[in-house]
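The block underneath contains the structure these notes are about, expressed in structure tokens.
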Protein chains: 2
Amino acid sequence: MEAVTIKDIAKALNLSTSTVSRALRGSYEINAETKKMVLEYADKVNYSPNPIALSLKENKSRTIGVIVPEIANNFFSQAINGIEDVANKRGYHVVIFQSHESYEREIKNVQHIIARKVDGLLISLSGQTENVSHLLDIQAKKLPLVLFDRVSEKIEAHKVVADNFDGAFKATEHLILSGRRRIAHVTSPSLLSISQERLMGYKTALEKYQIPYDESFVKYCGFEPEEAQKLIFNLIENQKPDAIFTTSDRLALDCFSALKELGISVPDKLSFIGFTNLKVAHLLAPSLSTIVQPAFEIGQTAAELLVDLIEKKQRNAEHLKTIKIPTEMVIRKSSDLS
Amino acid sequence: MEAVTIKDIAKALNLSTSTVSRALRGSYEINAETKKMVLEYADKVNYSPNPIALSLKENKSRTIGVIVPEIANNFFSQAINGIEDVANKRGYHVVIFQSHESYEREIKNVQHIIARKVDGLLISLSGQTENVSHLLDIQAKKLPLVLFDRVSEKIEAHKVVADNFDGAFKATEHLILSGRRRIAHVTSPSLLSISQERLMGYKTALEKYQIPYDESFVKYCGFEPEEAQKLIFNLIENQKPDAIFTTSDRLALDCFSALKELGISVPDKLSFIGFTNLKVAHLLAPSLSTIVQPAFEIGQTAAELLVDLIEKKQRNAEHLKTIKIPTEMVIRKSSDLS
DNA sequence: TTGTACGCGTTATCAT
DNA sequence: ATGATAACGCGTACAA
């Protein structure tokens with residue numbers, strides 16, 4: 001009973017496939033009655049065009065590929081939300097791949113995704129990615145490409161990012177204005193663009209208030225389970241910060257956990273601000289002020305741009321651009337974490 | 001430079017497309033030299049077959065559809081992780097749709113996914129889904145179908161779930177054995193299979209220790225932001241429980257948050273256990289003992305089963321089965337949440 | 001061993 | 001206004 005095709009309709013109605021096709025897409029001049037008949041019958045038998053045949057014909061898959069480091073990461077799952085939102089509205093499928101923060105897997109994903117003939121690619125770089133030749137390959141193939149969130153200076157491409165500099169600047173400034181001076185910065189691997197941009201914001205804020213920059217107050221933390229704990233203990237014991245600016249839910253939570261073990265009270269001894277998304281962070285760490293990451297909007301914007309690129313709807317789509325999505329600061333005043 | 005096809009190779013090598021095709025798939029008897037030549041050339045020009053053409057020919061998309069309530073939910077993102085893990089290994093794409101806990105959107109997703117000609121469907125039901133006729137439609141179309149985590153009694157199909165009864169029983173028993181008697185149960189909407197199964201586990205444990213079951217100690221909580229808070233305040237003030245058994249990260253965190261506002265200490269006045277995944281929960285709520293949800297394994301198992309169904313590799317795939325994945329209990333002893 | 005021809009579902013082009 | 005045909009890329013039955 002399945003898979004009713006144009007051919008079936010044509011046969012049933014004693015028409016040619018071309019007539020049916022025209023009737024279905026309404027376009028060409030066609031006898032109103034014939035058209036009506038076809039439409040009714042098609043509706044009755046629940047006809048829907050075979051997207052695979054369409055793809056073959058148009059040499060398009062109406063699919064966009066997405067490569068992210070980790071789907072079970074609040075930032076990326078929200079970003080994917082935004083991507084799917086736009087993609088579905090505009091008639092595209094989304095296929096998702098994870099690099100699991102591995103450069104090699106990222107390359108494999110890129111190859112796989114190219115072989116699968118997606119119409120365009122959205123990518124957020126792994127924590128290990130330094131070389132971007134796999135992305136240059138994509139550009140060489142004229143495959144529409146948009147980098148989001150974790151981008152690279154080494155490639156000229158369309159990019160959608162959060163305004164990390166501004167967010168980090170405001171975060172640091174907020175801590176300074178609360179009277180803190182020994183402000184530590186616990187952040188993601190130094191290879192990442194987001195780390196670099198945030199570090200610049202942090203440094204610039206220190207400069208503005210003439211607080212000397214001390215490298216030992218900045219800790220880059222990878223994705224291994226144990227890594228953060230050690231590093232944070234170390235930081236707190238040696239540098240004795242009076243504030244910490246962290247850059248993700250995970251790092252913020254790791255910090256809180258460490259502080260709890262050390263019996264250090266927040267925000268009395270330590271003041272906090274982080275780049276986070278998670279409501280969880282707010283719920284359990286009421287003293288954590290936050291620079292809200294515009295994950296959903298980044299996803300939406302990146303997808304919108306990519307689809308425009310694919311469909312060449314934007315005249316100025318050819319000239320590269322980097323879109324910065326603003327962040328929002330949420331200040332928490334409660335002090336009842338203990 | 002793109003899109004090199006069999007035809008191109010044939011032309012370049014002065015062969016027919018069929019010869020090239022045969023050489024590529026290695027199968028048929030073919031001159032060893034010709035074969036080698038073709039393979040080398042194909043490799044050189046970086047040939048890869050057009051999956052869309054394949055799909056059209058075989059009437060298969062090598063794509064599986066997944067419908068979940070919400071991707072930005074730790075349980076489901078981990079489950080999707082498991083699904084992708086298996087799917088990619090076995091050469092399938094995964095397309096993900098979200099019902100956002102809405103019955104209507106779930107139906108639309110199902111329709112859309114059918115029109116897109118996926119080879120099979122994995123679904124976890126929305127919190128509103130009572131009627132499953134959209135799933136019966138799928139079965140009528142002979143489209144392989146596997147339900148996971150949130151399933152329904154109203155449809156006979158392959159199902160993969162956590163052992164919710166067992167987990168809930170052990171959770172409740174643990175609280176009882178710690179000396180608690182006024183054990184509340186804060187859980188997801190009563191429509192959901194997981195809620196029902198867990199309630200049974202809870203009840204059975206109470207029975208075993210001859211603690212009378214009091215309906216007012218069970219609170220079903222939907223997905224609206226404010227809902228949980230009110231309900232929990234109400235529960236604590238009226239029923240004055242000495243323990244709470246919750247069934248998700250979100251609900252557990254909402255409870256902790258409410259308790260903090262009420263100034264109730266954990267675990268002195270209240271003891272806790274929850275069905276959770278999140279490391280976050282452990283980090284910030286050391287007093288929260290946990291029944292670990294086997295999200296990743298559920299995803300893997302469901303995907304494995306679905307692909308088997310699609311490829312009919314399993315002889316006994318025809319006869320329906322429900323696979324239960326065991327849960328694991330992690331007891332936290334710390335009492336330093338305050 | 002290799003080449004020719006067809007079909008998968010659709011639309012565009014060129015008749016009629 | 002409508003029908004016949006080619007084409008998208010591939011695999012394969014059949015012919016040579």
Side-chain angles (χ1 to χ4, degrees), chain A residues 1-42 45-63 91 93 114-119 141 311, chain B residues 1-39 41-42 45-63 91 93 114-119 141:
Chain A
M1 65 160 67
E2 286 343 300
V4 33
T5 74
I6 274 192
K7 208 183 277 182
D8 299 327
I9 300 182
K11 201 169 291 174
L13 263 45
N14 262 320
L15 289 170
S16 77
T17 56
S18 11
T19 306
V20 175
S21 173
R22 280 189 287 249
L24 255 17
R25 38 187 21 249
S27 48
Y28 262 69
E29 303 151 4
I30 193 174
N31 187 315
E33 283 183 45
T34 317
K35 185 171 170 178
K36 194 180 156 200
M37 180 197 299
V38 172
L39 255 29
E40 275 172 8
Y41 185 77
V45 297
N46 220 318
Y47 168 81
S48 88
N50 183 327
I52 297 173
L54 264 314
S55 293
L56 180 59
K57 183 137 199 50
E58 298 170 7
N59 198 24
K60 293 192 37 179
S61 57
R62 290 200 81 80
T63 295
H93 265 327
I114 289 175
R116 281 292 201 155
K117 300 243 184 295
V118 298
D119 293 343
K141 290 196 197 314
E311 299 180 350
Chain B
M1 71 160 60
E2 284 344 299
V4 33
T5 73
I6 274 191
K7 209 184 278 182
D8 300 326
I9 300 182
K11 202 169 293 173
L13 264 44
N14 263 320
L15 289 170
S16 78
T17 56
S18 24
T19 306
V20 176
S21 172
R22 281 189 286 248
L24 255 17
R25 35 185 25 249
S27 49
Y28 261 67
E29 302 153 4
I30 194 176
N31 188 315
E33 283 183 44
T34 317
K35 184 172 171 179
K36 194 181 157 202
M37 181 195 299
V38 171
L39 255 29
Y41 185 78
V45 298
N46 220 319
Y47 167 83
S48 86
N50 183 329
I52 298 173
L54 263 315
S55 293
L56 181 60
K57 184 144 196 45
E58 298 170 7
N59 197 25
K60 294 192 38 179
S61 57
R62 290 200 79 81
T63 295
H93 266 327
I114 289 175
R116 283 294 201 151
K117 300 242 185 293
V118 298
D119 293 343
K141 291 198 196 314

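In what follows, every heavy atom counts, from backbone to side chain, and hydrogens, waters and symmetry copies are set aside. Lettering of chains follows the sequences in order, A, B, ..., and the numbering in each one begins at 1.
- For Asn31(B), the side-chain contact (heavy atoms from CB on, under 4.5 Å) criterion is met by Glu33(B), Thr34(B), not counting sequence neighbours.
- Looking at every heavy atom in both residues, Thr17(A) comes nearest to Lys7(A) through CG2-CA, 4.0 Å.
- Fit an axis to the five pairs at each end of the helix from dT1(C)-dA16(D) to dT16(C)-dA1(D) and the two axes sit 60° apart, to the nearest 10 degrees.
- When the side-chain nitrogen and oxygen atoms of Arg25(A) are compared with OP1 and OP2 of dT11(C), one or more of them lie within a distance under 4.0 Å.
- For the pair Leu24(A) CG and dT2(D) P, the computed distance is 14 Å after rounding to whole Å.
- Scanning for side chain to side chain donor-acceptor pair (under 3.5 Å) contacts around Ser16(A) gives Ser18(A), Thr19(A), with sequence neighbours left out.
- The separation between Lys60(B) atom NZ and dG9(C) atom C1' is 18 Å, rounded to whole Å.
- Taking a 4.0 Å limit (strictly below) on heavy-atom distances, residues 8-15 of chain A does not reach DNA chain C anywhere.
- With rounding to the nearest 0.5 angstrom, the NE2 atom of His93(B) is 7.0 Å from the OG1 atom of Thr63(A).
- For DNA chain C, the neighbouring residues in residues 48-58 of chain A, judged by any heavy atom under 4.0 Å, are Pro49(A), Asn50(A), Ala53(A), Leu54(A), Lys57(A).
- Across Ile9(A) and Tyr41(A), no two heavy atoms sit closer than the pair CG2-CD2, 3.7 Å.
- Note on Thr5(A): every side-chain N or O is 4.0 Å or more away from OP1 and OP2 of dG9(C).
- Using a 4.0 Å heavy-atom cutoff across all strands shown, Asn31(B) reaches sugar-phosphate atoms only and no base atom.
- Rounded to whole Å, the distance from NZ on Lys35(B) to C1' on dT1(C) is 13 Å.
- Within the model, atoms CG of Asn50(A) and OG of Ser61(B) stand 9.5 Å from one another, a figure rounded to the nearest 0.5 Å.
- Note that CD1 of Ile114(A) and CG of Asn46(B) are 8.5 Å apart. Values are rounded to the nearest 0.5 Å.
- Considering only heavy atoms from C-beta on, Leu13(B) stays 4.5 Å or farther from Val20(B) through its side chain.
- Within the 4.0 Å cut-off from OP1 or OP2 of dG3(D), at least one side-chain nitrogen or oxygen of Thr19(A) is found.
- Residues Asn59(B) and Ser18(B) both approach DNA chain C. Their nearest nucleotides, taken by heavy-atom distance, put Ser18(B) toward the 5′ side.
- Positionally, the nearest nucleotide of DNA chain C for Thr17(B) lies more toward the 5' end than for the other of Ile6(A) and Thr17(B).
- Here the closest non-hydrogen pair linking Asp119(A) and Arg62(A) is OD2-N, 2.6 Å.
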Could you list the donor-acceptor pairs under 3.5 angstrom formed between side-chain atoms of residues 52-59 of chain B and any protein atom two or more places apart in sequence or on another chain?
from: Ser55(B); atom 1: OG; to: Pro51(B); atom 2: O; distance (Å): 2.9
from: Ser55(B); atom 1: OG; to: Lys60(B); atom 2: O; distance (Å): 2.9

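- Remark: Ser16(A) is in phosphate contact with dG3(D), judged by side-chain N or O atoms under 4.0 Å from OP1 or OP2.
- Computed from coordinates, the Arg22(B) CZ to dT1(C) C1' distance equals 8 Å when rounded to whole Å.
- Leu39(B) has its side chain within reach of Leu24(B): a pair of non-hydrogen atoms, C-beta onward, lies under 4.5 Å apart.
- The side chain of Lys7(B) places an N or O atom within less than 4.0 Å of a non-bridging phosphate oxygen (OP1 or OP2) of dC8(D).
- Tyr47(A) has no side-chain polar atom (N or O) that falls below the 4.0 Å cut-off from OP1 or OP2 of dG9(C).
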